[in-house]
Amino acid sequence: MIGLNEMQAKAASHTDGPLLILAGAGSGKTRVLTHRIANLIQNKNIAPYSILAITFTNKAAQEMRERIGTLIGESVAKDMWISTFHSMCVRILRRYAQKIGYSKSFTIYDTQDQKTLIKETFKALNINDKDYPNIMGYISNNKNQMILPKQALVTDNHKEKIMANIYDKYQDKLYENNAMDFDDLLVNVCILFSTNPDILVYYQHKFKYILVDEYQDTNGVQYELVKQLANAHHNLCVVGDDDQSIYGWRGADIRNILDFERDFENTVVIKLEQNYRSTKNILTAANKVVAHNKGRKPKALWTSNDIGDNIKVMQVKNEYRESDAIVDIILRNNYEYKDCAILYRTNAQSRVIEEKMIHNDIPYRLLGGLRFYERKEIKDLIAYLRAISNSQDNVAIKRIINVPKRGIGQATIEKLDNYAVNMNLFDTINYCRQMDILGGAISSKIAKFLDLIIALRDIAKYNDVKLLLEKVLELTQYISYVKITEPDDAEDRIENIQELISKAANYMNTAPEPSLDNFLEEIALVADIDNYDQQSNSVVLMTLHSAKGLEFPVVFMPGLEEGLFPSYMSTVDNGDNDKLEEERRLAYVGITRAREHLYILYANERTLYGQVRANLRSRFLDELPSEVIDFEDATHSAASSFNKKANSFSSNSFNKPSNSKSTFSANSFNAKSSSNKSSFSATTKTAGFSQTNASSFSSAINSNNKPKSSNPPINFSVGDTVKHKLFGLGKVTEVIISTDDLLLTVAFESGQLKKLSTKYAKLQKIVSPSA
DNA sequence: TGCGGTGGGTTTTTT
DNA sequence: ACCCACCGCA
């Protein structure tokens, strides 16, 4: 096969029987998978609809479909099932939900909804929730291992028995609400298959060839599903890398890949060990680190790429200097923003980095943290849609029954709840109104709410999702509610609402069969990473977990400190080293994301959980081979001065850091975009101002690197017309000269007034009045 | 019912 | 340091 190496070609041309592809990082597995599918369709005459490919994210699914599309034609590729486990299960369940007692408009509950429902469960059982802090994990673990409530109840352990009771009751409540949590989607398909063997047989015969990507991250239910589906044809191809198994905490079972050969007879094993991604130095470092793990299949990843630069390890004073250093490196080396990724262990680390990005006018995108669909205003509106779509969704109804305020308080809701023994809340409300059970005043308020929902349901019958949303806003006066209750955040929240509407519009234009249920489903199953647009020219910030499957020319890994990375959680229990080894794999994943340049940083002290702590450097650093490392002690570099100055601009309404309490506007994700084409992709944000003191430039580093090309000194004067690639055209209204920089105030045509440093902001002079 | 203040608990990763 | 639940008051 063209463009494939021997092993890749072997894997791609394999057809029948179980196949295990052990694909090292950057070994071109997606290429292999796509070629394999193309081969099945073109040369083996396999119908596209009999192929099932399971990926880890929707984004990966989409990409695979596109790549296969370019190989064999889009119209052919579209008939294949390429999706995540969760999407696949929803697709099956929408068709057969009735068989397991659900209606096909069932709702998918996210983590927040789960929490709400579990809280209710505690209340119903009269148990103090504080005594069972880890109940969510308990329930999820059970589901991941296919342990149903009735089975969990069989235990002598008192505490476990109570937890099983909560699990049981919680499950009942989900059922009453016609709702499923994430794990249920998988479990319920298993239940469907075991109670309806004919349906299983149907899918077994439908899917003649099954492929599973990222197999090392599958959990017990997923294993079970795959095994059952593949049981008729045994044409199961799994791809994975035990060294990249990083979801053990979520129930992923590394044994699934380690024991594959044992579980599936006559397995052919193919190893892809040539890395096409990284330089020799980067690969050497990655190999050395992961070699410290005991529980792994031996392998030797190699590359014929150049040796490349050494890996730079930098010691800095604290997290602020760390961010300075990153910014400095990006600017000095003139790296393209889109080539750079900053990968960290915890989301909390993003904030300081974001601040520096903003201060230095570097466009960035942030993945993770508070997701778009988890924001209050978005959840509220979605709750309306859910209440319209699924009348049994009590969690949704309770969320909005008094939002905006309708004078229906906690007391009333409890009263209703008490009536609702065998009835859902909606029917109870209806009943109470008819029977005039509640007091007159309350009764009329409840009646109004009921009429609202009924009216909206009627609208939903004849209109699309976008219009429905607009009607919800109109009839609830939600916008003015936001303005009144949260004047400070109203602007951001309204922007988010508009974004939601444009997403709905986009959905209506692109979905093959648009419907309210389907829209809600898409919303429930999107991950941040799914919206990550690699084309936009901005630095990307994300966790190491989110970075799985991606690659970047330049990678920064800040926070390589004991307690942070590896997380202290992984070092506490000494029973086994499983958790620590998973952290090490995470380090391996991080290192292998880099193509050409890798920068690893650690700070002497860092504010963590509210306290300044001095952490030791991460043990993983000591596992790096010294011959490929350039170490730099930047501990004593001068503090930069722009922190304080920058703060004086912080009332600027544009771009506050994401974790700030007052706003989420800079949680760069989706907040600003409103065009329908790009509305499903992340939005680039830039800073509202730049640093005011150029001397901070060299603050964090005593680097030997000379900037490849610094911006040529252009003279700007008041009255000049300038162009900025993000803000557009503007007029210079003020010029401040510092030692080696010009600081301009520019009034842009968009109305924005910005302070920009000519050194960093790429400003183009268009017209000079004196010329 | 709605508010503001306080005190206690939590702080890894996410489909 | 931040979040959230709870309490007391208007």
Side-chain angles (χ1 to χ4, degrees), chain A residues 54-61 83-90 108-112 114-115 119 122-123 128-130 133-134 136-137 140 143-144 180-186 214 217-219 221-222 245-252 343-352 367-371 373-374 402-413 441-442 445 484-485 521-530 542-548 559 563-572 579-580 582-583 585-587 589-590 606-613 659-662:
Chain A
I54 296 171
T55 56
F56 199 69
T57 63
N58 294 302
K59 180 181 154 71
S83 70
T84 62
F85 271 106
H86 289 87
S87 303
M88 171 187 84
C89 288
V90 172
I108 300 166
Y109 276 3
D110 69 9
T111 318
Q112 274 182 52
Q114 269 186 68
K115 248 189 204 155
K119 215 176 240 172
F122 274 111
K123 221 167 163 188
N128 184 358
D129 58 348
K130 304 236 158 47
N134 196 28
M136 296 252 284
S140 182
K143 290 184 179 178
N144 288 161
M180 303 184 193
D181 64 24
F182 284 132
D183 299 322
D184 281 343
L185 298 174
L186 309 169
E214 306 284 7
D217 285 319
T218 51
N219 62 32
V221 209
Q222 290 166 342
S245 158
I246 55 172
Y247 283 95
W249 52 274
R250 201 170 84 182
L343 312 178
Y344 37 76
R345 180 64 182 87
T346 68
N347 281 307
Q349 285 167 261
S350 70
R351 192 154 143 195
V352 174
L367 304 195
L370 187 68
R371 275 181 291 270
Y373 292 107
E374 288 168 2
N402 201 30
V403 176
K405 299 263 178 299
R406 302 187 175 89
I408 304 172
Q410 202 50 49
T412 310
I413 294 170
I442 276 292
K445 288 172 183 168
I484 292 163
T485 55
E521 168 188 322
E522 279 201 12
I523 280 175
L525 296 177
V526 285
D528 257 5
I529 197 76
D530 296 335
M542 67 176 99
T543 62
L544 289 154
H545 280 90
S546 306
K548 195 174 76 158
L564 184 62
F565 191 24
S567 149
Y568 75 100
M569 295 293 287
S570 66
T571 54
V572 265
K579 286 189 177 142
L580 185 66
E582 182 156 314
E583 295 281 307
R585 291 194 290 271
L586 196 54
V589 167
R606 176 182 301 271
T607 309
L608 215 54
Y609 314 134
Q611 306 173 339
V612 179
R613 296 190 194 188
N659 293 353
S660 79
K661 198 171 149 267
S662 56

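Letters A, B, ... are given to chains in the order of the sequence lines, protein chains preceding strands, and every chain is numbered from 1.
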Rounded to whole angstroms, how far apart are [atom1] on [X] and [atom2] on [N]?
{"X": "A/D217", "N": "B/dT13", "atom1": "CG", "atom2": "C1'", "result": "11 Å"}
{"X": "A/N128", "N": "B/dG8", "atom1": "CG", "atom2": "P", "result": "15 Å"}
{"X": "A/Q349", "N": "C/dA1", "atom1": "CD", "atom2": "C1'", "result": "16 Å"}
{"X": "A/F56", "N": "B/dT15", "atom1": "CZ", "atom2": "C1'", "result": "7 Å"}
{"X": "A/K548", "N": "B/dT15", "atom1": "NZ", "atom2": "C1'", "result": "11 Å"}
{"X": "A/N58", "N": "B/dT15", "atom1": "CG", "atom2": "P", "result": "9 Å"}
{"X": "A/I523", "N": "B/dT15", "atom1": "CD1", "atom2": "P", "result": "16 Å"}
{"X": "A/D184", "N": "B/dT15", "atom1": "CG", "atom2": "C1'", "result": "13 Å"}

OP1 or OP2 of [N] less than 4.0 angstrom from a side-chain nitrogen or oxygen of [X], does that happen here?
{"X": "A/N347", "N": "B/dT14", "value": "yes"}
{"X": "A/N402", "N": "B/dG2", "value": "yes"}
{"X": "A/R351", "N": "C/dC2", "value": "yes"}
{"X": "A/S567", "N": "B/dT13", "value": "no"}

Problem - Side-chain donor-acceptor pair present, A/Q114, A/T111, cut-off under 3.5 Å - result: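 Distance-only check fails for A/Q114 and A/T111.
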
Problem - Contact check, side chains of A/N144 and A/D183, non-hydrogen atoms, under 4.5 Å - result: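 Yes, their side chains come closer than 4.5 Å.
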
Problem - Heavy-atom side-chain proximity of A/K579 to A/M569 below 4.5 angstrom - result: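 No. Closest side-chain heavy atoms not under 4.5 Å.
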
Handout entry: Base of B/dT13 and ring of A/W249 stacked, centres under 5.5 Å, planes under 30°
Key = yes

Exercise for the section: Looking only at side-chain atoms of A/P133, point me to the closest of B/dC3, B/dT15, B/dT10. Expected result: B/dT10

Exercise for the section: Would you indicate what A/S546 reaches in the nucleic acid, counting non-hydrogen atoms under 4.0 angstrom: base, sugar-phosphate, or nothing? Expected result: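 Sugar-phosphate: the residue A/S546, judged by heavy atoms under 4.0 Å, touches backbone atoms but no base.
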
Practice task
For A/K119, answer base if it contacts any base atom (sugar-phosphate contacts may also be present), sugar-phosphate if it contacts only those atoms, and nothing otherwise; contact means non-hydrogen atoms under 4.0 Å.
Solution key: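 Sugar-phosphate, backbone atoms only, no base.
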
Handout entry: Position toward the 5' end of DNA chain B (nearest nucleotide), A/T543 or A/R613
Key =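 Nearer the 5' end of the strand: A/R613.
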
Practice task
Assign each of A/L586 and A/R406 to its nearest nucleotide of DNA chain B by heavy atoms, then name whichever residue's nucleotide is nearer the 5' end.
Solution key: A/R406

Handout entry: Electrostatic pair A/K119:A/D129 at N-O distance under 4.0 angstrom
Key = no

Exercise for the section: Verify the ring-centre separation between A/F182 and A/F85: is it less than 6.0 angstrom? Expected result: no

Practice task
In whole angstrom, give me the gap between the C1' atoms of B/dT13 and C/dC4.
Solution key: 23 Å

